[in-house]
Engineer: 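My questions will all concern the structure given below.
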Amino acid sequence: GRDLIGMEGLSAGEITGLLDLAEEFVELNRQIEKKRTTLRGRTQINLFFEASTRTQSSFEIAGKRLGADVMNMSVASSSVKKGETLIDTAITLNAMHPDILVVRHHASGAVALLARKVDCCVVNAGDGAHEHPTQALLDALTIRRNKGRIQGLTVAICGDVLHSRVARSNIALLNTMGAKVRVVAPSTLLPSGVETLGVEVFRTMEAGLEGADIVMMLRLQRERMAGSFIPSVKEYFHYFGLDEAKLRYAAPDALVMHPGPMNRGVEIDSAIADGAQSLIREQVEMGVAVRMAVLDSLARKLPNA
Ligand code: CP
């Protein structure tokens with residue numbers, strides 16, 4: 001379709017196509033001259049209703065490297081603060097004829113709703129606990145570059161699965177690409193019916209990490225926790241925080257990932273985050289390349305392209 005709302009529904013061929021295209025941009029991004037002209041004359045608006053470091057900056061860099069005029073809408077100082085709704089904000093921006101809208105919103109389904117109200121391409125940069133498709137793509141690219149494949153790998157996704165759009169997008173992508181997906185979490189941090197997503201469920205790190213090729217840690221999203229999901233941060237780290245002792249249960253050549261932002265000492269020990277098995281910085285590098293691939297492939301669907 002014209003938009004990228006989620007990994008759900010994308011075929012293995014479509015995913016592989018995006019990853020192959022992203023590989024070209026990884027090379028480009030390591031050169032001194034990084035510019036392409038695919039989006040020359042086009043306008044990209046980044047509309048982030050939630051905080052972001054990685055996603056917003058990499059979408060801005062990606063758009064600019066492809067030649068687009070990129071505008072970052074500052075929601076904090078916008079008329080959203082005066083009560084303007086999401087849809088009215090979108091319709092207002094749509095009247096300025098953007099070609100691409102990149103949207104992050106705290107409500108699941110908000111980006112798909114917005115996409116139905118505007119004429120331009122819409123890219124989901126994270127909606128509530130629903131999907132964060134470009135994160136799953138950059139994770140897949142990172143895995144493929146380090147392991148040479150995705151199919152047949154055992155990937156353990158650990159921690160706050162309940163609140164995680166990153167987990168949902170990764171589960172969908174990894175299943176489509178033929179990986180074996182596990183989730184590891186206390187019962188309070190698992191969504192009901194998680195088994196129906198095509199994952200094996202574990203409630204201890206020791207069992208869930210056994211023989212895993214990839215250990216993907218999730219941030220404990222305390223800003224989304226109204227009640228008591230965990231006894232205490234100290235206890236959470238003790239049972240579910242990734243440290244050297246727990247990582248030993250995984251395969252000897254296991255690699256560690258985290259989408260960021262990290263809570264060091266909460267879901268991951270600093271020594272592991274900065275250690276030899278960590279891919280966390282590479283994930284950030286892949287983020288720019290993957291977003292260039294997504295924008296580039298959308299550019300081909302724009303009118304008069
Ligand atoms: N991984 C991720 O989406 O990070 P940001 O919230 O900083 O964009």
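One-based numbering, in listed order, for ligands and for the atoms of each. Along the sequence shown, the residues carry numbers beginning at 1. If you're wondering where the values come from, they're calculated on a predicted model, not measured in any experiment.
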Engineer: For ligand 1, is there an N or O atom under 3.5 Å from any N or O atom of G260?
Structural biologist: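 Yes: some nitrogen or oxygen of G260 is under 3.5 Å from one in ligand 1.
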Engineer: In the protein, which heavy atom is nearest to atom 7 (O) of ligand 1, and how far is it?
Structural biologist: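 Among all protein heavy atoms, the one nearest atom 7 (O) of ligand 1 is T53 N, 2.8 Å.
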Engineer: Between side-chain atoms of residues 213-220 and protein atoms elsewhere (two or more places apart, or another chain), which donor-acceptor pairs fall under 3.5 Å?
Structural biologist:
from	atom 1	to	atom 2	distance (Å)
D213	OD2	T154	N	2.8
R219	NH1	E223	OE1	3.0
R219	NH2	E223	OE2	2.9

Engineer: Cation-pi between R104 and F48: NZ/CZ under 6.0 Å from ring centre and within 45° of the ring axis?
Structural biologist: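 So R104 doesn't make the cation-pi contact.
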Engineer: Considering the options V184, V183, I268, which one meets the side chain to side chain contact (heavy atoms under 4.5 Å, CB included) requirement together with C158?
Structural biologist: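 The passing option is V184.
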Engineer: Should the proximity of H132 to ligand 1, defined as any heavy atom under 4.0 Å, be assigned to the side chain, the backbone, both, or neither?
Structural biologist: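 Side chain only.
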Engineer: As a check for students: among T55, V284, T134, identify the option with a heavy atom nearest to atom 2 (C) of ligand 1.
Structural biologist: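 That would be T55.
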Engineer: Based purely on interatomic distance, does R104 place a nitrogen or oxygen under 3.5 Å from a nitrogen or oxygen of ligand 1?
Structural biologist: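 Indeed, backbone or side chain, R104 has an N or O that close.
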Engineer: For atom 4 (O) of ligand 1, what's the nearest protein heavy-atom neighbour? Residue, atom name and distance, please.
Structural biologist: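 The protein heavy atom lying closest is R54 NE, 3.0 Å.
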Engineer: Does any part of the side chain of L66, heavy atoms only, come nearer than 4.5 Å to the side chain of R40, both counted from C-beta?
Structural biologist: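 Heavy-atom side-chain distance check fails, nothing below 4.5 Å.
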Engineer: Residues two or more places apart in sequence or in another chain: which of them pass ring pair (Phe, Tyr, Trp, His ring centres under 6.0 Å) with F237?
Structural biologist: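 Per chain and number, F237 pairs via ring pair (Phe, Tyr, Trp, His ring centres under 6.0 Å) with no residue.
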